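For reference, the structure is listed below as structure tokens.
Keep in mind the model is a prediction, meaning the values are calculated, not measured. For reference, positions follow the sequence shown, starting with 1.
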Amino acid sequence: MKLAYRGANYDYDIPTVDMTEGEVAGKYRGQNWNYRYPRHIPMPQHPQDLQYRGVGYRSDRPSPKIEEDVAVDTAATMAIAAAPSYPKAEEVATVHRANICNILDRRQQVARVKGDERLLRLLEIEWKQMAC
């Protein structure tokens with residue numbers, strides 16, 4: 001395939017990889033789709049053959065029994081711990097008002113430095129309206 005980048009022309013050959021079909025992994029729009037593996041990588045034949053860092057996966061071990069009351073308590077505790085805690089409306093309003101007052105103060109300081117008397121009067125009116 002001929003390509004060009006910033007005026008430099010070059011040929012690019014897409015490497016071909018020999019693939020093998022694995023087992024059916026699922027369906028998409030009514031058609032089966034399979035896992036595909038490069039031919040040079042050995043394909044696992046059974047789930048027992050799968051390994052992670054040299055240790056095989058096993059799903060045939062029995063899971064430990066959990067008593068119902070412990071499971072319910074654990075689920076309730078996890079639900080309470082996962083619930084986000086939001087600040088109260090009064091706290092948000094107080095912080096918001098303080099931020100507005102700080103911004104007004106900063107704007108007044110800049111207006112004083114620039115000597116803008118008109119802006120200073122407007123900011124003082126706004127300061128009184130906000131009751132800062």
Side-chain angles (χ1 to χ4, degrees):
M1 175 178 4
K2 292 195 176 279
L3 298 174
Y5 179 71
R6 293 189 178 190
N9 296 323
Y10 60 96
D11 290 328
Y12 178 68
D13 295 325
I14 298 172
T16 58
V17 178
D18 192 20
M19 303 292 283
T20 56
E21 293 283 324
E23 68 273 0
V24 174
K27 282 190 176 237
Y28 178 71
R29 295 189 177 185
Q31 299 292 322
N32 289 338
W33 63 272
N34 300 358
Y35 287 115
R36 294 177 50 150
Y37 299 98
R39 190 168 298 280
H40 65 280
I41 297 176
M43 183 173 57
Q45 299 298 322
H46 301 287
Q48 297 87 356
D49 296 339
L50 294 174
Q51 291 190 352
Y52 177 71
R53 294 187 178 181
V55 178
Y57 287 109
R58 292 191 58 191
S59 61
D60 57 347
R61 287 189 217 146
S63 60
K65 292 260 183 186
I66 299 175
E67 299 187 24
E68 284 186 37
D69 57 339
V70 174
V72 170
D73 290 343
T74 305
T77 304
M78 290 176 62
I80 291 169
S85 61
Y86 296 107
K88 294 181 181 173
E90 300 86 30
E91 295 171 3
V92 172
T94 305
V95 171
H96 183 63
R97 182 186 264 330
N99 286 337
I100 290 175
C101 291
N102 289 340
I103 291 169
L104 276 174
D105 187 41
R106 205 172 324 127
R107 289 176 65 199
Q108 281 181 337
Q109 291 173 1
V110 171
R112 277 192 205 101
V113 169
K114 288 186 175 181
D116 192 347
E117 294 297 325
R118 182 176 168 272
L119 180 59
L120 268 173
R121 283 192 305 266
L122 291 172
L123 290 173
E124 286 173 9
I125 293 170
E126 192 173 347
W127 185 270
K128 288 176 187 174
Q129 287 175 349
M130 289 297 299
C132 290

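- Shortest non-hydrogen contact noted between Leu104 and Trp127 is CB-CE3, 3.8 Å.
- Arg118 CZ to Leu123 CG: the interatomic distance, rounded to the nearest 0.5 Å, is 10.5 Å.
- By the neighbour-count criterion of 12 heavy atoms within 6.0 Å, atom OH of Tyr5 is sparsely surrounded, having that number or fewer from other residues, nucleotides or ligands.
- The distance from atom CD1 of Ile100 to atom NE2 of His96, rounded to the nearest 0.5 Å, is 3.5 Å.
- Under the 4.5 Å side-chain criterion, counting only non-hydrogen atoms from C-beta, Gln109 is not in contact with Val113.
- Between the side chain of Arg112 and the backbone N or O of Leu120 there is no donor-acceptor pair closer than 3.5 Å.
- In this structure, the separation between CD on Gln108 and CD1 on Ile103 is 12.5 Å, given to the nearest 0.5 Å.
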